[in-house]
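Accompanying notes for the structure given below.
Side chains included, hydrogens not; waters and symmetry mates left out as well; all remaining heavy atoms used.
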Amino acid sequence: MSLEGRDRELLDGLLRRGVLRTMERLEKLCGGKWGIMSSSVREVQPVALLQTFSRERQDCVGACFQSSSLVPLEILITFPSGGAAALAKAVIKPFAERVKSQPDLITLTIGEVANYIAQSVLGVIADEFNVMIILKTPEVLVGPKAQLLARSFSRYDGRRDLLLVSQVDIFSERLEAECSLIVIVNADMVRKLLAAPRG
């Protein structure tokens, strides 16, 4: 399947709306102004994506989600380790005293931020296409991006699945964070959703 320009624009818009919901939640959680500098959606081949990611040596913090609904999909959301640490510090700052003894604060916090993003984006998509998408509890992972991606490919089937990648740059008054979203979704399901009439 190859996405047409208008379909890509639609998905770009839905992604942006979903991430903006997350930014609103972060503003309420830790204050300050949060926003998006850029976002985009593109369709890629897995071999090319793995080759690109294999050149990135630094560790990432990521969260892998699977759906347990009528819309089968898998999402991997990653942050470079430096950006993850800065983002986690900003998020937990209002609660620093209460959580300072908690181990693995960065991975736990990034897992929660990734959960915000996944739930917000899929919530917007579910509303747009009038479908139910329920995510299972995410698995939080640390390691090179190619390694995290390889784990997410455990269910990928090139005969039926579509691989979408989005790069989202979010910022607040004190930080910038690069976020990658990789989505594996059934291509026939995407065709049906995009072709269905919407109110």
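Grouping the Ile, Leu, Val, Met, Phe, Trp and Tyr side chains by contacts below 4.5 angstrom, directly or via other members, places Phe129 with Val185. A continuous path of ILVMFWY side-chain contacts below 4.5 Å connects Ile182 to Val44, so both sit in one hydrophobic cluster. No single ILVMFWY cluster, assembled from side-chain heavy atoms under 4.5 Å apart, contains both Val61 and Leu108.
Side-chain atoms of Ser54 and Thr52, non-hydrogen and from C-beta on, never get closer than 4.5 Å to each other. Under the 4.5 Å side-chain criterion, counting only non-hydrogen atoms from C-beta, Val165 is not in contact with Leu181. Two residues are said to be in side-chain contact when any heavy atoms from C-beta on lie closer than 4.5 Å; Thr78 and Phe53 fail this criterion. When side chains are defined from C-beta on, Phe65 counts as touching Ile77, because their heavy atoms get closer than 4.5 Å. Taking the side chain as every heavy atom from C-beta outward, Leu73 and Ile184 never approach each other to under 4.5 Å. Taking the side chain as every heavy atom from C-beta outward, Asn115 and Glu112 approach each other to under 4.5 Å. In this structure the side chain of Ile170 reaches within 4.5 angstrom of the side chain of Val168, judged on heavy atoms. When side chains are defined from C-beta on, Lys33 does not count as touching Ser172, because their heavy atoms never get closer than 4.5 Å.
For the atom pair CG (Leu163) and CZ (Arg42), the distance works out to 9.5 Å, reported to the nearest 0.5 Å. Put simply, NZ on Lys89 and CG on Leu105 are 12.5 Å apart, with the number rounded to the nearest 0.5 Å. In this structure, NZ in Lys28 is found 13.5 Å from CE in Met23, a value given to the nearest 0.5 Å. Residue Leu76 holds its CG atom at 5.5 Å from SG of Cys64, rounded to the nearest 0.5 Å. Distance CD/Gln119 to CD1/Ile75: 9.0 Å, rounded to 0.5 Å. To the nearest 0.5 Å, atoms OG (Ser120) and CZ (Arg17) are separated by 12.0 Å.
Within 6.0 Å of CD in Gln167 there are more than 12 heavy atoms belonging to other residues, nucleotides or ligands. Counting heavy atoms of neighbouring residues, nucleotides and ligands inside a 6.0 Å radius, atom CD of Gln45 does not exceed 12 of them.
Residue Val71 is tested with Val190, Asn186, Val131 for a side-chain contact (heavy atoms from CB on, under 4.5 Å); the sole match is Val131.
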Would you tabulate the side-chain donor-acceptor contacts of residues 132-150 under 3.5 Å, counting partners in other chains and residues two or more places apart, or write 'none'?
{"unit_1": "Glu139", "atom_1": "OE2", "unit_2": "Arg151", "atom_2": "NH2", "d": "2.6"}
{"unit_1": "Lys145", "atom_1": "NZ", "unit_2": "Glu56", "atom_2": "OE1", "d": "3.4"}
{"unit_1": "Lys145", "atom_1": "NZ", "unit_2": "Ser180", "atom_2": "OG", "d": "3.1"}

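For Asp161 (side chain) and Asp157 (main-chain N/O), a donor-acceptor pair under 3.5 Å exists by modelled atom type. Looking only at distances, no side-chain donor or acceptor of Gln66 sits under 3.5 Å from a matching main-chain atom of Glu74.
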Inset, instruction - Show your working on side-chain contact (heavy atoms from CB on, under 4.5 Å) between Asp169 and Ile36 and close with a plain yes or no. - result: CA-CA 6 Å; Asp169 296 319; Ile36 307 172; 5.9 Å; no

Legend entry - Audit row: Thr107, Asp104, side-chain contact (heavy atoms from CB on, under 4.5 Å) steps and yes/no: CA-CA 6 Å; Thr107 54; Asp104 302 322; 3.3 Å; yes

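With salt bridges taken as basic N to acidic carboxylate O contacts below 4.0 Å, one links Arg21 and Asp127.
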